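Scroll down for the structure; my scribbles are underneath it.
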There are 2 protein chains.
Amino acid sequence: MENKYQNSAKVFKAFCDENRLILLEMLQTGEKCACDLLENINIGQSTLSHHMKILCESGIVKSRRDGKWTYYSFSETGVDYAKQLLDALTISSKKNMNRKCCE
Amino acid sequence: MENKYQNSAKVFKAFCDENRLILLEMLQTGEKCACDLLENINIGQSTLSHHMKILCESGIVKSRRDGKWTYYSFSETGVDYAKQLLDALTISSKKNMNRKCCE
DNA sequence: GCAACATATCGAATAAAATAGATGTGTGGT
DNA sequence: ACCACACATCTATTTTATTCGATATGTTGC
């Protein structure tokens with residue numbers, strides 16, 4: 001089983017590759033099929049498929065098959081989860097501040 | 001110069017490594033010096049230093065030197081920026097939805 | 001069933017990131 | 001000035017990620 005750190009890391013992997021950010025930006029104007037995405041980014045088809053898989057596994061994107069096409073769009077629940085996670089990871093209680101080191 | 005995608009990717013690199021998430025969690029209880037962090041994570045000193053550099057470069061963490069010690073803590077402005085960025089990256093206008101592929 | 005198409009998966013090459021040990025740099029104490 | 005300590009940087013190695021070409025899978029139309 002995956003630990004919580006690995007799981008959280010996976011969510012943010014969606015946002016730490018340049019091509020995936022370009023793909024996410026394309027999805028901002030709504031659902032797109034792989035062929036649409038491929039037309040607007042300078043990577044090969046198998047590379048696109050690989051990135052879409054990572055985006056789906058992060059939970060940020062969901063896919064839907066319709067005939068021969070696969071449509072991708074943001075998963076609202078995945079996006080909300082990522083935002084909650086970011087909040088949780090960056091909460092800092094102010095106790096123990098200004099404490100000397102190694103004491 | 002760095003493009004906006006590379007810059008955004010750099011911010012989220014802070015959150016996509018297991019050890020960095022462990023380090024961020026330690027910072028939640030307040031500022032810590034490198035030696036405190038090192039005591040509570042199973043990595044070498046040079047590796048810790050490497051990760052702290054990435055966290056600082058992402059803007060999420062700031063460092064402060066006091067005598068021989070370097071203290072690390074969350075940068076509130078960096079955290080806020082990351083949250084804004086996540087919002088911006090995941091905004092989806094609903095226009096163009098339900099449009100057929102390749103048309 | 002077969003051909004054409006859309007996408008996924010596989011396998012291999014390359015690139016990038018993580019890690020550790022050795023060494024360098026700056027600080028404090030004597 | 002010297003030594004000890006805290007941390008950063010350098011170098012090499014290992015691990016992981018990205019990429020592409022080839023092939024496999026699943027769908028549609030004939």
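All of these numbers come straight from a predicted model, not from anything done at the bench. Convention: sequence-line order gives letters A, B, ...; per-chain numbering from 1.
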Self-check item: d(CD, A:E39; P, C:dT7) in whole Å
Solution: 11 Å
Quiz item: Rounded to the Å, how far apart are A:K13 NZ and C:dA17 P?
Solution: 12 Å
Quiz prompt | A:W69, nearest nucleotide to its side chain (from C:dA8, C:dT19, C:dT7) | solution = C:dT7
Exercise. Report the nucleotide, chosen from C:dT19, D:dC20, C:dT9, that has the shortest atom-to-atom distance to any side-chain atom of B:H51.
Key: C:dT19
Quiz item: Nearest to the side chain of A:R65 - C:dA20, D:dT27, D:dC20?
Solution: D:dT27
Quiz item: In whole angstroms, how far is the C1' atom of D:dT19 from the CG atom of A:N42?
Solution: 12 Å
Quiz item: Under 4.0 Å between a side-chain N or O of B:Y71 and OP1 or OP2 of D:dC7?
Solution: no
Quiz item: Just how far, in rounded Å, is P of C:dG26 from CG of B:D66?
Solution: 18 Å
Quiz prompt | Rounded interatomic separation in angstrom, taking CG from B:L38 and P from D:dA8 | solution = 11 Å
Quiz item: Should B:E18 and A:K10 count as an ion pair when the cut-off is N to O under 4.0 Å?
Solution: no
Practice problem: For B:R64 and D:dC7, give me the distance from atom CZ to atom C1', rounded to whole Å. | Solution: 15 Å
Practice problem: Using a cut-off of strictly less than 4.0 Å, decide whether A:Y72 has a side-chain nitrogen or oxygen near OP1 or OP2 of C:dA8. | Solution: yes
Quiz item: B:S46 side chain: which of D:dT27, D:dC7, D:dC10 is closest?
Solution: D:dC10
Quiz prompt | Gap between atom CG of B:L27 and atom CG of B:L37 - 0.5 Å precision | solution = 5.5 Å
Quiz prompt | Length of the line joining B:L48:CG and C:dA20:C1', which is rounded to integer Å | solution = 13 Å
Quiz item: Looking at side-chain heavy atoms only, is the closest gap between B:W69 and B:C35 below 4.5 Å?
Solution: yes
Self-check item: Selected nucleotide, minimal atom distance to B:K53 side chain, candidates D:dT9, D:dA22, D:dT18
Solution: D:dT9
Quiz item: From D:dC20, D:dA8, C:dT9, pick the nucleotide closest to the side chain of A:S49?
Solution: C:dT9
Quiz prompt | B:N19 side-chain proximity, nearest of D:dC7, D:dT19, C:dT19 | solution = C:dT19
Exercise. Using a heavy-atom cut-off of under 4.0 Å over every strand shown, decide if B:I54 touches base, sugar-phosphate, or nothing.
Key: sugar-phosphate
Exercise. Would you indicate which nucleotide in C:dA8, D:dT18, C:dA20 comes nearest to any side-chain atom of B:I43?
Key: C:dA20
Quiz item: Got a salt bridge between B:E57 and B:K13, using NZ or NE/NH1/NH2 to carboxylate O under 4.0 Å?
Solution: no
Quiz item: A:M52 or B:Q45: which one's nearest nucleotide on DNA chain C is closer to the 5' end?
Solution: A:M52
Quiz item: Would you say B:E39 and B:K32 make side-chain contact, with heavy atoms under 4.5 Å?
Solution: no
Quiz item: Start at the 5' end of DNA chain D and walk down; is the nucleotide closest to A:G44 or to A:G67 reached first?
Solution: A:G44
Quiz item: Nearest to the side chain of B:K68 - D:dC20, D:dA6, C:dT7?
Solution: D:dA6
Quiz item: Roughly, in whole Å, what's the span from NZ in A:K32 to P in C:dA6?
Solution: 18 Å
Practice problem: Would you indicate, yes or no, if D:dC20 has its OP1 or OP2 atom less than 4.0 angstrom from a side-chain nitrogen or oxygen of A:T47? | Solution: yes
Quiz item: Which of these nucleotides, C:dT7, C:dA18, D:dA17, is closest to any side-chain atom of A:A34?
Solution: C:dT7
Quiz item: side chain to side chain contact (heavy atoms under 4.5 Å, CB included) between B:L24 and B:V61: does it pass, once the steps are laid out?
Solution: CA-CA 8 Å; B:L24 288 174; B:V61 167; 3.7 Å; yes
